[in-house]
**Student:** 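One structure, pasted below without further comment.
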Amino acid sequence: MTIHKGRGFACINYPIGMNLGGDPSQALVHSTPDGKFMVALSSIDLGQGMKSVTRQIASETLGVPVEDVYVDTADSDTGPHCMGSFASRGTHRVGNAVIRAAAEARKQMMEAAAEELEVNASDLDTDGAGNIHVKGAPGRSITVAETAIAAQFKQGRTLSGRGIFLVPPSEADPETGDMTPVTCFAHAALVIDLEVDDETGEVEVTEINSAYEVGRALNPKLVEQQLIGGAWMGVSHALYETTEPYYPRRDHGPEDFNTYLQPGPGQITPHHIAVLERPAEDAPFGGKGPGEMCANPVLPAVANAVYNAVGVRCDQLPITPEKVLKGIRANGGARPQGAR
Amino acid sequence: MAKTPVTFTLNDTEAALFVDPGASLVDVLRRGAGDLTPKQGCAQGTCGACTVLIDGVPHLSCLTLAETVQGRRVDTAGGLADGPALHPLQRAFIDGFAAQCGFCTSGMLMAAKALLDHNANPTRDEVIEAISGNLCRCTGYEPIVDAILSAAAQMRGQPALQQGAL
């Protein structure tokens, strides 16, 4: 029995969003009478941080404290339309829609404040702490709450905004196939170190190193968390998870979580991440979003590392001990490929 | 079928409910007592999302007949915070970004509480063992393990540990 070490590499260009007849998302922003702002979306937060990021974006655009912004993603029956949380599109598409909606609401907020302060709206600015003041004269100010109350009860005006962001449909050129399906790409490179036991065929990932370029990381901790959790899922897909281990037959398929294999807390792999920030021009504050590519490069990198370790090229996932052993046997033994 | 009266202590308050014969504890907690913190994931005892403490011992409330908690004490994640003051485990989970979708969080918190209640200074392996019956699909587990160790340190009066410094 020998433990063979292997290293595998993969990199990825990930298109943000999709383009099948156009890719729109909408957002609506309105204030409550006490100067809080509601952002209504139909975009669902599955845990990736959509609510946190759209809240930050709305707060930044409105110029009000993040604590005073609420994001409601409750109901796709009653909320403004969104294509959905998929294709790594949330931050980019929804974030842009929120910027537009929040900018319109801010304009109305500044006009209402201007009426109260008897100045021109263009002479006003926000301090981000809940106040609106005359530029260069912070003493002449009104709170956002007072502005909202005045707008609601004195001026009869709403502080609200509508936003939509659409990446229009792009038809393929019938001659060349040329098209522009997406407006920006995120990028990543990932290295897997693992060990393969040539007697049992078991593969153990020992270390992950990755570099992700996601535009501006609007919420760095959420980005890091998504990358760590996504890489775990990538390892799980690469080595463990399947509903049909002998696809297309269902034989020996799992029936519950006891028999559906996943790495547990005892199989945590150290993962070192470098997040590179190259803000995209058409992205909200430059943020493209990590999304699906958290998991994607892990799979080919694991497959390459297994090949590097024992010379077995698995082209079907997951890379089970059975497949590794059959490959080793077909090769007449483990064939370490050596350092690259 | 006749319902059975069941009285038990739920997070420091007395609960008195009429339950259907064979009703699971998670169902009665959620629908009867209105405590939505225990989550029903698999309903067959393999995911851990429904973990609650019965007389201080972690149990899978989806596999526990509600009638069996008569006269006993049930603790859920809903009782961890003292008013607005979060339990150190809750604080550590937030500070350490130990949740994404949050579905496993209640069960993780209760499994962790059961550990820390009888072991104030657990090793990393002991933490891993304590949550090994709880599935998480989002975090990759590491932030959860770190958060539990950090909460344990805080509860011993030591400063919170930085994520990744463990």
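Lettering follows sequence order; numbering is per chain, from 1.
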**Student:** Is chain A contacted by the side chain of Leu135(B), its backbone, both, or neither, given a heavy-atom distance below 4.5 Å?
**Tutor:**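 Side chain of Leu135(B) only, per the 4.5 Å heavy-atom cut-off to chain A.
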**Student:** Given that the side chain runs from C-beta out, which part of Pro263(A) has a heavy atom under 4.5 Å from chain B: side chain, backbone, both or neither?
**Tutor:**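 Looking at Pro263(A), just its backbone touches chain B.
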**Student:** For Gln267(A), which atoms come within 4.5 Å of any heavy atom of chain B: side chain, backbone, both, or neither?
**Tutor:**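 It is neither, since no heavy atom gets under 4.5 Å.
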**Student:** A cation-pi test, strictly: NZ or CZ of Arg89(A) under 6.0 Å from the centre of the six-membered ring of Phe86(A) and no more than 45 degrees from its axis. Yes or no?
**Tutor:**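 Positive - Arg89(A) is close enough to the ring of Phe86(A) and near enough to its axis.
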**Student:** Is there a side-chain contact between Val98(A) and Leu41(A), using heavy atoms and a 4.5 Å cut-off?
**Tutor:**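 Of all side-chain heavy-atom pairs linking Leu41(A) with Val98(A), at least one is under 4.5 Å.
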**Student:** Report yes or no: does Arg30(B) contribute a side-chain atom to a donor-acceptor pair with the main-chain N or O of Leu36(B) at less than 3.5 Å?
**Tutor:**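 Between the backbone of Leu36(B) and the side chain of Arg30(B) there is a qualifying donor-acceptor contact (under 3.5 Å).
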**Student:** Regarding Asp45(A) and Ser85(A), is there a side-chain donor-to-acceptor distance under 3.5 Å anywhere?
**Tutor:**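 No, no side-chain donor-acceptor pair sits under 3.5 Å.
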**Student:** What residues of residues 46-59 of chain A sit under 4.5 Å from chain B when only non-hydrogen atoms are counted?
**Tutor:**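 The residues closer than 4.5 Å to chain B, in numerical order, are Leu46(A), Gly47(A).
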**Student:** Between Arg250(A) and Pro254(A), is there a donor-acceptor pair closer than 3.5 Å when you use the side chain of the first and the backbone of the second?
**Tutor:**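 Yes: the side chain of Arg250(A) pairs with the backbone of Pro254(A).
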**Student:** Between the side chains of Arg73(B) and Asp55(B), is the shortest nitrogen-to-carboxylate-oxygen separation below 4.0 Å, so that they form an ion pair?
**Tutor:**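 Salt bridge between Asp55(B) and Arg73(B), a charged N being under 4.0 Å from a carboxylate O: no.
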**Student:** Could you tell me whether the side chain of Asp193(A) and the main chain of Thr206(A) form a donor-acceptor pair under 3.5 Å?
**Tutor:**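 No: the side chain of Asp193(A) does not pair with the backbone of Thr206(A).
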